[in-house]
Amino acid sequence: MVEIERKFLVLSNDFINEAFAKKRIVQAYLNSNPERTVRIRIKEDKGFLTIKGKGNETGTTRLEWETEIPLQDAEKLLTICESGTIDKIRHEVKVGNHIYEVDVFVGENEGLVVAEIELQSEDETFEKPNWLGKEVTNDERFYNAYLSVKPFKNW
């Protein structure tokens, strides 16, 4: 139930040709409070309910609990979420022993491209591809919950 994740801006579209999977994700928040976010997500044809706790000082580690829910339930729950929906295309790219999830945002956050990598420990080493840019792990502006309230296009 603990997620260790680092987040980076993406410098180019070079990752697209390296991706082995691509999925559309639509999500919104029942609660976007940074202390505990509650998210509803539809990934292709599956629904998910996720609860995340506040990150540690580095923003790298936090509690995360997720469960699959029926698609119809997720669709209904999206109708009562806070305003602001995240819409993105996720590309999965294997680099070394890890998989980067590269999110290309559309809609209100179009123009933003962010890569995330999940790790086993905060000090785990990992390969950084040439398209990986500045780290933004601890910058709350790049959290999806923040982007749902203050979209990238308004920055």
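Numbers here simply count residues along the sequence, with the first being 1.
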Which residues satisfy the ring-ring contact (aromatic ring centres under 6.0 Å, His included) test with Phe152, sequence neighbours excluded?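 Listed in chain order: Trp155.
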List in chain and number order the residues that pass side chain to side chain donor-acceptor pair (under 3.5 Å) with Tyr29, two or more places apart in sequence or in another chain; answer none if no residue qualifies.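 Testing Tyr29 for side chain to side chain donor-acceptor pair (under 3.5 Å), a comparison that skips the adjacent residues, returns Gln27.
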Just to verify, what does Lys22 make a salt bridge (charged side-chain N to carboxylate O under 4.0 Å, His left out) with, not counting sequence neighbours?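 Per chain and number, Lys22 pairs via salt bridge (charged side-chain N to carboxylate O under 4.0 Å, His left out) with no residue.
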With a 4.5 Å cut-off on side-chain heavy-atom distances among I, L, V, M, F, W and Y, is there a chain of contacts connecting [X] to [Y]?
{"X": "Tyr100", "Y": "Val114", "value": "no"}
{"X": "Ile117", "Y": "Val95", "value": "yes"}
{"X": "Val10", "Y": "Val136", "value": "no"}
{"X": "Val149", "Y": "Leu112", "value": "no"}
{"X": "Leu132", "Y": "Ile16", "value": "yes"}

Can Ile25 and Arg41 be said to form a side-chain contact (heavy atoms from CB on, under 4.5 Å), step by step? CA-CA 7 Å; Ile25 296 173; Arg41 173 181 275 178; 3.3 Å; yes
Polar side-chain atom of Glu44 near backbone of Arg24 as donor-acceptor pair, under 3.5 Å: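 Yes, because the side chain of Glu44 sits within donor-acceptor range (under 3.5 Å) of the backbone of Arg24.
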Cation over ring, Lys94 on Phe20, under 6.0 Å and within 45°?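 That pair does not qualify as a cation-pi contact.
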Taking salt bridge (Lys or Arg N to Asp or Glu O under 4.0 Å) as the cut-off, I'd like each qualifying pair that reaches into residues 111-134, sequence neighbours left out, listed once.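 Residue pairs passing salt bridge (Lys or Arg N to Asp or Glu O under 4.0 Å), neighbours aside: Lys7-Glu116.
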Evaluate Val113 against Val102 for side-chain contact (heavy atoms from CB on, under 4.5 Å), listing each step before the verdict. CA-CA 7 Å; Val113 183; Val102 183; 3.8 Å; yes
With side-chain contact (heavy atoms from CB on, under 4.5 Å) as the criterion, how do Glu5 and Thr137 come out once you've worked through the C-alpha distance, each side chain's angles and the decisive distance to 0.1 Å? CA-CA 8 Å; Glu5 181 178 80; Thr137 300; over 6 Å; no
Return the minimal non-hydrogen interatomic distance between [X] and [Y], and the atom names on each side.
{"X": "Gly133", "Y": "Leu11", "result": "CA-CG, 3.6 Å"}
{"X": "Asn109", "Y": "Leu147", "result": "OD1-CD2, 3.4 Å"}
{"X": "Ala145", "Y": "Thr37", "result": "CB-CG2, 4.0 Å"}

From [atom1] ([X]) to [atom2] ([Y]), nearest 0.5 Å:
{"X": "Trp131", "Y": "Leu9", "atom1": "CH2", "atom2": "CG", "result": "12.0 Å"}
{"X": "Asn144", "Y": "Asp103", "atom1": "CG", "atom2": "CG", "result": "6.5 Å"}
{"X": "Phe142", "Y": "Phe8", "atom1": "CZ", "atom2": "CZ", "result": "13.0 Å"}
{"X": "Ile4", "Y": "Thr60", "atom1": "CD1", "atom2": "OG1", "result": "8.5 Å"}
{"X": "Phe48", "Y": "Ile42", "atom1": "CZ", "atom2": "CD1", "result": "10.5 Å"}
{"X": "Leu119", "Y": "Thr125", "atom1": "CG", "atom2": "OG1", "result": "9.0 Å"}

Over 12 non-hydrogen atoms of neighbours within 6.0 angstrom of CG in Asn130: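 More than 12 within 6.0 Å, yes.
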Given Val26 and Asp87, is the side-chain contact (heavy atoms from CB on, under 4.5 Å) satisfied, shown in steps? CA-CA 5 Å; Val26 176; Asp87 194 349; 3.7 Å; yes
Tell me which donor-acceptor pairs under 3.5 Å the side chains of residues 76-84 have, and how far apart each pair is, sequence neighbours excluded?
{"from": "Thr79", "atom 1": "OG1", "to": "Lys76", "atom 2": "O", "distance (Å)": "2.5"}
{"from": "Glu82", "atom 1": "OE1", "to": "Ser32", "atom 2": "N", "distance (Å)": "3.4"}
{"from": "Glu82", "atom 1": "OE1", "to": "Ser32", "atom 2": "OG", "distance (Å)": "2.6"}
{"from": "Glu82", "atom 1": "OE2", "to": "Ser32", "atom 2": "N", "distance (Å)": "3.2"}

Expected list for residues 64-74: side-chain donor-acceptor pairs under 3.5 angstrom, two or more places apart:
{"from": "Glu64", "atom 1": "OE2", "to": "Lys52", "atom 2": "NZ", "distance (Å)": "3.1"}
{"from": "Glu66", "atom 1": "OE2", "to": "Arg39", "atom 2": "NH2", "distance (Å)": "3.1"}
{"from": "Glu66", "atom 1": "OE2", "to": "Thr50", "atom 2": "OG1", "distance (Å)": "2.6"}

Salt bridge between Arg90 and Glu101, side-chain N to carboxylate O under 4.0 Å?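 A salt bridge links Arg90 with Glu101.
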